[in-house]
**Student:** 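Encoded as structure tokens, here's the structure I'll be asking about.
A note on names: the letters A, B, ... follow the listed sequences, proteins ahead of strands, and every chain is numbered from 1. All of these numbers come straight from a predicted model, not from anything done at the bench.
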Amino acid sequence: MSSAKEDRKDEVAELALRRGFLWQSFEIYGGAAGFYDYGPLGALLKRGLETEWRRFYGIGEGFYEIEATTIAPRDVFEASGHLKSFADMAVVCKGCKTFFRVDERINIGERCPECGGELVDAGEFNLMFQTKIGVPKGERDESAQKKSEGYLRPETAQGIFINFPRLLRFNRDKLPLGIIQIGKAYRNEISPRKSLIRLREFTMAEAEIFVDPREKNRHPKFDTVKDRAMRLVPGEGEETEMSVEAAVKKGIIANEYLGYHVAKVGEFLERIGIPKDKLRFRQHRKDEMAHYARDCWDAEFLSERYGWMEIVGVADRGDYDLSVHASFSNTDMSVHIQSDAEQEKLIPHVIEPSFGIDRIIYALLESSLYKEQVGKEKRKVLRFKKEIAPIKAAVFPLLNRDELKEKAKEVFQKLREESIFVEYDASGSIGRRYRRQDEIGTPYCVTIDYDTLEDDTVTVRERDTMEQVRVPVAEVKDVLLL
RNA sequence: GCGUCGGUGGUCUAGGGGUAUGACUUGGGCCUUCCAAGCCUACUGCCCGGGUUCAAAUCCCGGCCGACGCACCA
């Protein structure tokens with residue numbers, strides 16, 4: 001670990017902490033690993049990101065958002081496969097202390113595959129948080145006990161799958177059907193680490209797109225993305241750069257629908273400000289694929305601190321989820337396709353872009369932080385895109401004098417009335433106030449000076465260039481919203 | 001979960017058995033006609049619990065948290 005990397009990390013975390021973006025939860029009780037709270041600026045930033053995401057998938061793709069529960073009964077995860085995959089027994093090697101999940105080859109009493117040592121029970125390895133729903137009747141009745149078992153969802157997706165019949169009806173029985181959801185998910189990670197990278201409670205934004213499996217190679221809008229250049233790392237083979245169209249044609253990406261959504265993820269991440277040269281798509285190898293996935297591509301961000309890290313996963317879940325829920329719940333999850341001649345029943349396939357919002361927040365913080373020397377001082381700037389910047393503008397009186405303050409407050413109030421989140425600051429020198437805003441990524445500073453009192457114009461100073469333009473007060477809002 | 005190292009104002013840090021150092025930040029005041037200037041002033045701290053000791057922030061034990069390595073990440 002180079003010291004440059006250390007510095008970078010410390011700086012991002014230090015700034016985020018000091019300026020009220022995020023910090024460890026439960027600090028006054030000593031903290032708890034894997035939990036972070038968003039402070040005022042962090043919550044604004046996160047909200048802005050979520051708003052952009054909704055704009056992109058909701059308005060842009062025409063997907064409807066739902067809000068399902070975060071707790072679900074045992075049955076849901078029994079069906080989804082999470083109970084089995086998430087709640088296995090674990091063993092640990094007495095020799096090398098390596099931790100293993102129990103499977104066919106590895107069990108208590110066997111020999112450690114690493115060092116040949118003895119494997120002993122290490123307890124249950126349960127990544128889902130368990131809880132009780134209601135007061136179970138019949139304490140000794142095992143099935144009643146199981147009935148009352150509840151789990152905090154480890155992904156938001158299941159809430160969409162189990163509502164599929166209702167959602168399909170809402171969509172008047174037609175495919176494709178896209179549903180989105182933003183919400184918390186929970187995983188009781190063994191060793192959460194690296195600030196926002198591995199949390200026990202985190203926010204996901206997921207889209208589940210249900211498609212006719214026969215149509216997977218015919219996305220109606222594929223033309224709009226086909227030429228997008230993608231940096232791809234296939235499961236087997238070398239990193240390459242090619243168009244989405246080429247990747248689908250060569251069979252590197254399984255089908256058009258998946259290709260379309262991989263491309264869209266790239267488009268979204270660039271739009272919110274993730275630099276293209278720090279972005280690549282990596283395909284899961286067979287052995288790392290989740291139990292539900294047929295093909296999966298991770299969008300990875302190149303962190304200066306942590307190296308390549310997953311921030312979005314785009315999976316082709318096939319008909320896995322709908323099929324298992326159909327069978328476990330004894331519910332028809334099929335779609336009836338009617339054409340002139342015939343009627344068919346089929347289980348749709350699911351394409352799923354799944355965004356780790358907290359990791360994206362980290363990626364935004366790290367990749368937006370720029371430092372430069374200005375005169376004798378160092379300037380720290382968070383170069384957020386306007387759309388996601390927590391504070392949209394700050395209003396200053398040039399000097400701390402009553403006549404300027406009065407006018408500045410008037411302008412400040414006017415901008416608030418335009419629904420623009422602005423701050424007012426009159427403390428310290430004007431330069432200090434500019435720097436304060438730079439550090440939290442405020443795109444514009446509006447300064448009221450003596451000319452303002454004469455002709456009702458102000459200076460609007462741009463964050464990245466530090467250049468100023470003189471604008472009539474009435475037009476300030478247009479500049480800010482550009 | 002294992003191992004190594006660590007935890008001092010809001011942030012960063014010096015120190016380390018006898019009332020804790022400095023810088024920055026922040027609040028108030030002065031000054032200031034555009035990029036962290038200057039002056040005055042004020043607030044704020046030894047992760048938690050137990051032990052040793054006349055005395056513990058300092059030493060010992062345990063816990064919690066963090067960084068790194070190993071493992072884990074469906």
Side-chain angles (χ1 to χ4, degrees), chain A residues 1 5-7 9-11 13-20 23-35 39 77 80-88 90-101 112 114-115 122-123 125-128 154-155 187-195 197-200 284 287-293 296 305-306 309-310 313 315 356 372 374-381 396-401 404 427-439 445-453 458-463 465-468 470:
Chain A
M1 187 58 59
K5 280 183 178 177
E6 296 278 4
D7 290 352
K9 186 265 158 184
D10 291 343
E11 226 165 324
E14 186 269 331
L15 174 58
L17 173 63
R18 185 165 45 78
R19 297 308 308 268
W23 49 75
Q24 229 195 342
S25 306
F26 317 115
E27 269 186 322
I28 66 167
Y29 288 106
F35 296 96
F77 301 112
S80 71
H82 286 94
L83 257 182
K84 194 162 184 302
S85 320
F86 263 61
D88 275 344
V91 290
V92 64
C93 170
K94 275 175 109 172
C96 64
K97 306 290 184 200
T98 307
F99 203 66
F100 296 99
R101 174 191 298 258
C112 171
E114 297 291 321
C115 72
F125 170 68
N126 191 344
L127 278 176
M128 285 197 294
E155 60 173 9
R187 295 180 194 181
N188 203 357
E189 297 283 358
I190 297 166
S191 61
R193 265 186 206 182
K194 299 177 176 174
S195 72
I197 311 306
R198 229 154 122 199
L199 296 171
R200 287 183 164 136
H284 282 202
D287 62 335
E288 66 175 317
M289 210 101 79
H291 62 274
Y292 50 70
C296 185
R305 173 61 170 149
Y306 302 117
M309 62 188 232
E310 176 195 351
E372 62 184 4
V374 177
K376 276 177 283 181
E377 302 292 337
K378 207 167 247 173
R379 187 169 89 109
K380 267 190 204 175
V381 194
F396 308 145
L398 179 60
L399 297 172
N400 195 6
R401 293 192 187 143
L404 292 178
S427 149
S429 69
I430 188 80
R432 174 181 296 275
R433 284 177 262 155
Y434 285 143
R435 293 291 184 272
R436 276 190 197 125
Q437 296 300 328
D438 288 342
E439 204 179 46
C445 292
V446 176
T447 302
I448 279 68
D449 56 23
Y450 282 103
D451 289 345
T452 312
L453 304 181
V458 296
T459 62
V460 178
R461 176 260 199 191
E462 203 271 330
R463 179 192 64 204
T465 60
M466 297 194 287
E467 277 165 14
Q468 299 180 15
R470 188 127 209 131

**Student:** Who is the Watson-Crick or G-U wobble partner of G45(B), with both distances under 3.5 Å?
**Tutor:** none
**Student:** Might you work through the side-chain hydrogen bond (donor to acceptor under 3.5 Å, both in side chains) test for R193(A) and Y306(A), ending with a clear yes or no?
**Tutor:** CA-CA 11 Å; R193(A) 265 186 206 182; Y306(A) 302 117; over 6 Å; no
**Student:** If we take the P atom in both C47(B) and C43(B), what is their distance in whole Å?
**Tutor:** 23 Å
**Student:** For K194(A), which contact category applies under a 4.0 Å heavy-atom criterion: base, sugar-phosphate, or nothing?
**Tutor:** sugar-phosphate
**Student:** Please round to the nearest 0.5 Å and tell me the distance separating atom CD1 of I448(A) and atom CG of L453(A).
**Tutor:** 9.0 Å
**Student:** Within this structure, what is the CD-CG distance for the pair E27(A) and L17(A), rounded to the nearest 0.5 Å?
**Tutor:** 6.5 Å
**Student:** Would you mind telling me which residue lines up with the more 5' stretch of RNA chain B, Q468(A) or F35(A), judged by nearest nucleotide?
**Tutor:** Q468(A)
**Student:** Taking the nucleotide of RNA chain B with the nearest heavy atom to each, does Y292(A) or E467(A) sit closer to the 5' end?
**Tutor:** E467(A)
**Student:** Given the C1' atoms of C31(B) and A57(B), what is the spacing between them in whole Å?
**Tutor:** 41 Å
**Student:** For nucleotides 62-65 of chain B, list the nitrogen or oxygen atoms of the protein found under 3.5 Å from its nitrogen or oxygen atoms, one pair per line.
**Tutor:**
| unit_1 | atom_1 | unit_2 | atom_2 | d |
| --- | --- | --- | --- | --- |
| C64(B) | O2' | G30(A) | O | 3.1 |
| C65(B) | OP1 | A33(A) | N | 3.3 |
| C65(B) | O4' | G30(A) | O | 3.2 |
| C65(B) | O3' | Q24(A) | NE2 | 2.8 |
| C65(B) | O2' | Q24(A) | OE1 | 3.3 |

**Student:** Out of R461(A), R463(A), R432(A), R19(A), which one pairs with D438(A) under the salt bridge (Lys or Arg N to Asp or Glu O under 4.0 Å) rule?
**Tutor:** R461(A)
**Student:** Considering only the C1' atoms, how many Å lie between U8(B) and C65(B), rounded to the nearest integer?
**Tutor:** 15 Å
**Student:** How close or far is atom P of U33(B) from atom CG of L404(A), stated in whole angstroms?
**Tutor:** 11 Å
**Student:** Side chain of M466(A), heavy atoms from C-beta onward: which of A36(B), C72(B), C35(B) has the nearest atom to it?
**Tutor:** C35(B)
**Student:** What is the distance, rounded to the nearest whole Å, between atom CG of L127(A) and atom P of G1(B)?
**Tutor:** 13 Å
**Student:** For T459(A), give me all partners under side-chain contact (heavy atoms from CB on, under 4.5 Å), at least two apart in sequence or on another chain.
**Tutor:** T447(A), D449(A), Q468(A), R470(A)
**Student:** Could you tell me the Watson-Crick or G-U partner of A14(B), where both distances fall under 3.5 Å? Say none if there is no partner.
**Tutor:** none
**Student:** So, is S429(A) close to the A37(B) phosphate, meaning a side-chain N or O under 4.0 Å from OP1 or OP2?
**Tutor:** yes
**Student:** Looking only at side-chain N and O atoms, does R401(A) come under 4.0 Å of OP1 or OP2 in U33(B)?
**Tutor:** yes
**Student:** Can you list everything that forms a side-chain contact (heavy atoms from CB on, under 4.5 Å) with E372(A)? Sequence neighbours excluded, please.
**Tutor:** V374(A), R379(A), R383(A), M466(A)
**Student:** Which atom pair, heavy atoms only, marks the closest approach of Q24(A) to A32(A)?
**Tutor:** NE2-O, 3.5 Å
**Student:** Sugar-phosphate means primed atoms, P, OP1 and OP2; the rest is base. With that split, encode nucleotides 24-30 of chain B 5' to 3' as B, S or - using protein heavy atoms under 4.0 Å.
**Tutor:** -SSS---
**Student:** Which base sits across from U19(B) as a Watson-Crick or G-U pair, both distances under 3.5 Å?
**Tutor:** none
**Student:** In whole Å, measure the gap between the C1' atoms of C61(B) and G15(B) for me.
**Tutor:** 24 Å
**Student:** Tell me: CD of E288(A) to P of C72(B), nearest whole Å?
**Tutor:** 13 Å
**Student:** Partner lookup for U52(B), please. Criteria are Watson-Crick or G-U wobble with both distances under 3.5 angstrom; report none if nothing qualifies.
**Tutor:** none
**Student:** Expressed in angstrom and rounded to an integer, what is the separation of Y434(A) atom OH from U33(B) atom C1'?
**Tutor:** 11 Å
**Student:** Nearest 0.5 angstrom please: R200(A) CZ to I190(A) CD1, how far?
**Tutor:** 9.5 Å
**Student:** Test for a donor-acceptor pair under 3.5 Å between the base of C35(B) and the side chain of R461(A), counting only N and O atoms.
**Tutor:** yes
**Student:** Closest approach to the side chain of R305(A), judged atom by atom: which nucleotide of C35(B), C68(B), C34(B) is it?
**Tutor:** C68(B)
**Student:** Quick one: do E439(A) and R18(A) make a salt bridge, cutoff under 4.0 Å?
**Tutor:** yes
**Student:** If the C1' atom of G10(B) is compared with that of U25(B), how far apart are they to the nearest Å?
**Tutor:** 7 Å
**Student:** Applying a 3.5 Å limit to both distances, which nucleotide forms a Watson-Crick or G-U wobble pair with C2(B)?
**Tutor:** G69(B)
**Student:** CD1 of I430(A) versus C1' of C31(B): gap in Å, rounded?
**Tutor:** 15 Å
**Student:** Ignoring hydrogens and angles, answer whether the base of G66(B) and the side-chain atoms of R198(A) contain a donor-acceptor pair closer than 3.5 Å.
**Tutor:** no
**Student:** Please measure how far the P atom in C54(B) lies from the corresponding atom in G22(B), and state the result in whole Å.
**Tutor:** 33 Å
**Student:** Within the 4.0 Å heavy-atom criterion, would you say M309(A) contacts the bases, only the backbone, or no part of the nucleic acid?
**Tutor:** nothing
**Student:** Is there a side-chain contact between E155(A) and S80(A) (heavy atoms, below 4.5 Å)?
**Tutor:** no
**Student:** Kindly write out the residues that satisfy ring pair (Phe, Tyr, Trp, His ring centres under 6.0 Å) with Y292(A), not counting sequence neighbours, or none if the list is empty.
**Tutor:** none
**Student:** Please state whether the phosphate of C34(B), meaning OP1 or OP2, lies under 4.0 angstrom from any side-chain nitrogen or oxygen of R470(A).
**Tutor:** no
**Student:** Between P on U44(B) and CD1 on I28(A), what's the gap in Å once rounded to a whole number?
**Tutor:** 19 Å
**Student:** P atom, U26(B) versus C12(B): distance in rounded Å?
**Tutor:** 16 Å
**Student:** Take atom C1' in A71(B) and the same atom in C46(B), then report the distance between them in whole Å.
**Tutor:** 35 Å
**Student:** Could you give the CG-to-P distance, from L399(A) to C35(B), as a whole number of Å?
**Tutor:** 12 Å
**Student:** State which residues pass side-chain contact (heavy atoms from CB on, under 4.5 Å) with Y29(A); sequence neighbours excluded, sorted by chain then number.
**Tutor:** none
**Student:** Measure from the side chain of R193(A), starting at C-beta and using heavy atoms only, and say which of C34(B), U11(B), G69(B) lies closest.
**Tutor:** G69(B)
**Student:** Nearest to the Y306(A) side chain among G1(B), U33(B), C68(B), which nucleotide is it?
**Tutor:** C68(B)
**Student:** Look through every strand shown and name the nucleotide pairing with A36(B) as Watson-Crick or G-U wobble, where both distances are under 3.5 Å.
**Tutor:** none
**Student:** Looking at A67(B), G1(B), C34(B), which one has an atom nearest to any side-chain atom of D449(A)?
**Tutor:** C34(B)
